[in-house]
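Following: one structure in structure tokens, then a few remarks.
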Amino acid sequence: MTNPFVPAVELGPCDIGAYRAGNRSIDYVTTFDSGKPGPHVMINALTHGNEVCGAHALCFLFENHVRPVRGRLTLSFANIAAYQRFDPHAPFDSRFVDEDFNRVWDAAVLDGPSNSVELARARELRVVIDTVDLLLDIHSTSLPNAPMLLAGTTSQGLDLARAIGYPTQVVIDAGHASGRRMRDYGRFGDPLSPHASLLVECGQHFEKSAAAVAIETALRFLDHCDIAGPSIIGLASLDRPPRQIVTRITEAITIDSENFVFEREFAGFEIIPQSGALIARDGDTEYRTPYDNCVMVMPARDILPGLTAVRLGRIVE
Ligand SMILES: [Zn+2]
């Protein structure tokens, strides 16, 4: 079952053909090396093929001749095969080709016998990601949501989110039951590692503002990493929010059957005041708010077994 929400496509794909060759012998991956000591910083777009705002952000950086003044900067477009299938009449359909690219980032899966368009691409990109110190992975959401940083569960992720200071909403979450995300892969999911990653959700996929949020987040990320010169950092335009709101996810409701139905429509970051309020039913199972002031994070558009329906969280600061 699908939520009847069908948005206008204000923001569609942009032409990224010029970035195909790159310089890494991997299509659509470019690494600029300053030749000076410093971190390896990566900004990744199109983990999901229909989340086009990240492609706009990378095009913006290329067109403005971003170059690191220290360390290395990698710009990559991930799920190109899905992106190239984008159809404005069915804009949600190009999320992936065979499987979700953002659920395969486990060494056992990457080293395992399975094969898919997404696994093949992940295996290509893995050799690059294994050397990245700081990663920003740019996404957007199916339903309208305030932009948010997904900080994962490590303190490094939260520290990075606070240091960037944008956008306002920060979510501490452990990901999905159905597979590991790139932002949690290897060194990024290790609480003892000095490396850090962030996933940014820039708002609804096809809203024009998603591209502006993606660009702003990328610029502030580069500013924090202290690897880009003032000419590019000066292009940041939005005011820094006075303070961020941090929500810790305590549980995710995973859709078990096709009988799953939300009790009503919930808005992203809507706060349900009462503990015990009915959220959804799945056959005989009822899902209720487990505590007062429960925050509804990213309610899903697509109701399909195995997918996350909504995450429940508490505001912690
Ligand atoms: Zn995504």
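Counting starts at 1 for both ligands and their atoms, in listed order. What you see below is based on every heavy atom in this structure, not just the backbone, and it leaves out hydrogens, waters and symmetry mates.
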- Query: Which single N/O/S atom of His139 lies at minimum distance from the Zn ion (ligand 1)?
  - Reply: ND1
- Item | His48: its N/O/S atom lying closest to the Zn ion (ligand 1) (atom name) | ND1
- Message: Going by side chain to side chain contact (heavy atoms under 4.5 Å, CB included), Leu235 matches just one of Val66, Leu61, Leu219. Which one?
- Response: Leu219
- Task: Please confirm if an N, O or S atom belonging to Glu51, backbone or side chain, lies less than 2.8 Å from the Zn ion (ligand 1).
- Result: yes
- Message: I'd like to know whether Thr168 forms a side chain to side chain donor-acceptor pair (under 3.5 Å) with Gln244, so could you lay out the CA-CA distance, the side-chain angles of the two residues, the decisive distance to 0.1 Å, and finally the verdict.
- Response: CA-CA 4 Å; Thr168 302; Gln244 288 172 303; over 6 Å; no
- Message: Working note: Asp292 + Ser275, criterion side chain to side chain donor-acceptor pair (under 3.5 Å); need CA distance, chi angles, decisive distance, verdict.
- Response: CA-CA 4 Å; Asp292 290 348; Ser275 172; 4.6 Å; no
- Task: Look at the rings of His139 and His48 and say which category their plane angle falls in: under 30° parallel, 30 to 60° tilted, over 60° perpendicular.
- Result: perpendicular
